[in-house]
Amino acid sequence: MSFLDQIEPLKTSALADIRGSSDLAALEQARVTHLGANGRFTGLLKQLGTLPKEEKPAAGKLINVAKIEIETAFGERKAELETRAAVPSEPTDFTLPGRRRGIGRLHPLTQVTDDIVRSFRKIGFAVADGPEIEDEYHCFDALNTPADHPARDSQDTFYLKANARPLLRTHTSSVQIRVMEKQPPPIRIVVPGRVYRRDNADATHNPTFQQIEGLYVDKNVTVGDLKGTVEFVFKELLGDEVKLRFRPHYFSYTEPSYEIDFSSPLVKKMGKDWLELAGCGMVHPQVFKNVGYDPEVWSGWAFGFGIERIAMIRYGINDIRLFYENDLRFLRQF
Ligand code: 2NL
């Protein structure tokens with residue numbers, strides 16, 4: 001058979017296969033058989049080069065027209081089959097009730113954090129944020145906790161490099177230092193955020209947890225301001241019937257320092273009179289010097305506490321690890 005005579009039957013068979021394919025997979029198979037790199041029609045195209053020079057233009061033209069015809073048929077069949085695949089096989093009943101999407105909710109720790117922040121905003125505090133990867137200066141030295149201080153041991157953390165010693169912050173105080181370095185008093189901020197300690201996980205410890213710290217700096221700030229503010233916020237959070245107690249304590253960054261205990265019917269039910277809730281105190285003059293504030297002019301207080309602990313008391317949760325397991329049976333209860 002001459003070259004020209006082969007074109008028509010190959011085209012006819014290609015068109016038949018394409019138009020006769022019943023689904024997209026069969027269509028693709030037909031494309032490969034006829035137009036693929038080793039396909040029948042492609043084979044014909046390859047033969048074109050072997051023709052005598054004077055026959056090439058006419059043969060080339062014919063073969064191209066046929067090829068376009070096949071490709072057009074392929075495109076049309078593809079569009080047809082795609083439309084058919086997209087149409088539902090059964091009619092749609094528009095009177096059926098809709099499928100309700102499950103509504104998400106905030107993690108209990110986020111809810112508690114939001115509540116605490118809302119209380120502080122009512123009395124003029126702003127939220128500040130800062131890096132979780134810190135340097136030793138902002139995490140310890142600026143807070144009057146030098147390298148040989150015992151608090152370095154009790155707040156052991158994760159160091160990221162041996163030499164430059166970047167570390168994961170052990171408290172959000174480092175953010176407060178950064179805010180004071182950047183702006184002059186007065187300061188009224190709270191700093192919630194994730195902190196890290198080299199602790200083994202058990203029912204009351206986790207190597208990462210959420211903390212919130214607060215800082216108030218102005219002229220003539222007193223322990224009375226500290227107590228009044230803390231009482232306002234904790235009563236909003238835990239109910240009006242809670243009693244608070246300020247017990248003398250030691251922190252290197254505050255002087256005097258206190259631990260805050262609270263008592264409530266809930267605490268009594270746990271068989272205890274008081275539960276430790278937070279730490280606080282008047283900002284140490286050395287901390288003010290470190291950020292360039294004159295401690296003779298400015299005074300202030302600061303506090304810090306773990307958000308998990310508040311949430312555990314509030315909801316009666318007995319294991320801190322539940323907050324991090326992402327078990328929906330637990331999370332759906334809040
Ligand atoms: C706790 C309680 C506390 C602070 C944090 C603070 C921050 C600056 C200056 C002074 Cl920038 N103090 N924060 C103060 C008292 C207690 O945390 O139980 N910590 C282990």
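Residues: numbered from 1 along the sequence shown. Ligands are counted one by one from 1 in listed order, and the atoms in each one are counted from 1 as well.
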Ligand 1 to Cys280, heavy atom cutoff 4.0 Å, flagged ligand atoms 15 (C), 16 (C)

Taking only heavy atoms of Met180 into account, list the atoms of ligand 1 that are under 4.0 Å away from them. 11 (Cl)

Considering only non-hydrogen protein atoms, determine which one is nearest to atom 4 (C) of ligand 1 and report residue, atom name and distance to 0.1 Å. Tyr253 CE1, 3.5 Å

Ligand 1 atoms in contact with Thr254 (distance to a heavy atom under 4.0 Å): 10 (C), 12 (N), 14 (C), 15 (C)

Got the closest protein heavy atom to atom 3 (C) of ligand 1, with its distance? Gly304 N, 3.5 Å

Considering only protein heavy atoms, which is closest to atom 18 (O) of ligand 1, and at what distance to one decimal place? Phe251 CZ, 3.8 Å

I'd like to check Phe303 versus Val190 (side-chain heavy atoms, cut-off strictly below 4.5 Å). Are they in contact? yes

Top protein contact for atom 8 (C) of ligand 1, by heavy-atom distance: Leu143 CD2, 3.6 Å

Does a side chain donor of either Glu213 or Thr172 reach within less than 3.5 Å of an acceptor in the other side chain? no

Just checking, is any N or O donor in the side chain of Glu132 or Tyr196 under 3.5 Å from an acceptor N or O on the other one? yes

Just heavy atoms, cut-off under 4.0 Å: does Phe305 contact ligand 1 by side chain, backbone, both, or neither? neither

Carboxylate-amine/guanidinium proximity below 4.0 Å for Glu181 and Arg178: no

Within the 4.5 Å heavy-atom criterion, are Val287 and Ile177 side-chain neighbours or not? yes

Looking only at the side chains, is there a donor atom on one of Thr208 and Arg194 sitting less than 3.5 Å from an acceptor on the other? yes

With nothing but distance in play, are any N or O atoms of Glu213 less than 3.5 Å from an N or O of ligand 1? yes

Atom 6 (C) of ligand 1: nearest protein contact (heavy atom, Å): Ala302 CB, 3.3 Å

contact_flag Leu215 ligand 1 heavy-atom lt 4.0 Å: no

For the residue pair Asp17 and His34, confirm or rule out a side-chain donor-acceptor distance under 3.5 Å. yes

Could you check whether any heavy atom of His284 sits closer than 4.0 Å to an atom of ligand 1, since that is the contact criterion I want to use? no

Check: Thr170/Thr157 side-chain N/O donor and acceptor closer than 3.5 Å: no

Considering non-hydrogen atoms of the protein only, which is the closest contact for atom 11 (Cl) of ligand 1, and what is the distance? Gln176 CB, 3.5 Å

Does His284 reach the main-chain N or O of Gln286 with its side chain, forming a donor-acceptor pair under 3.5 Å? yes

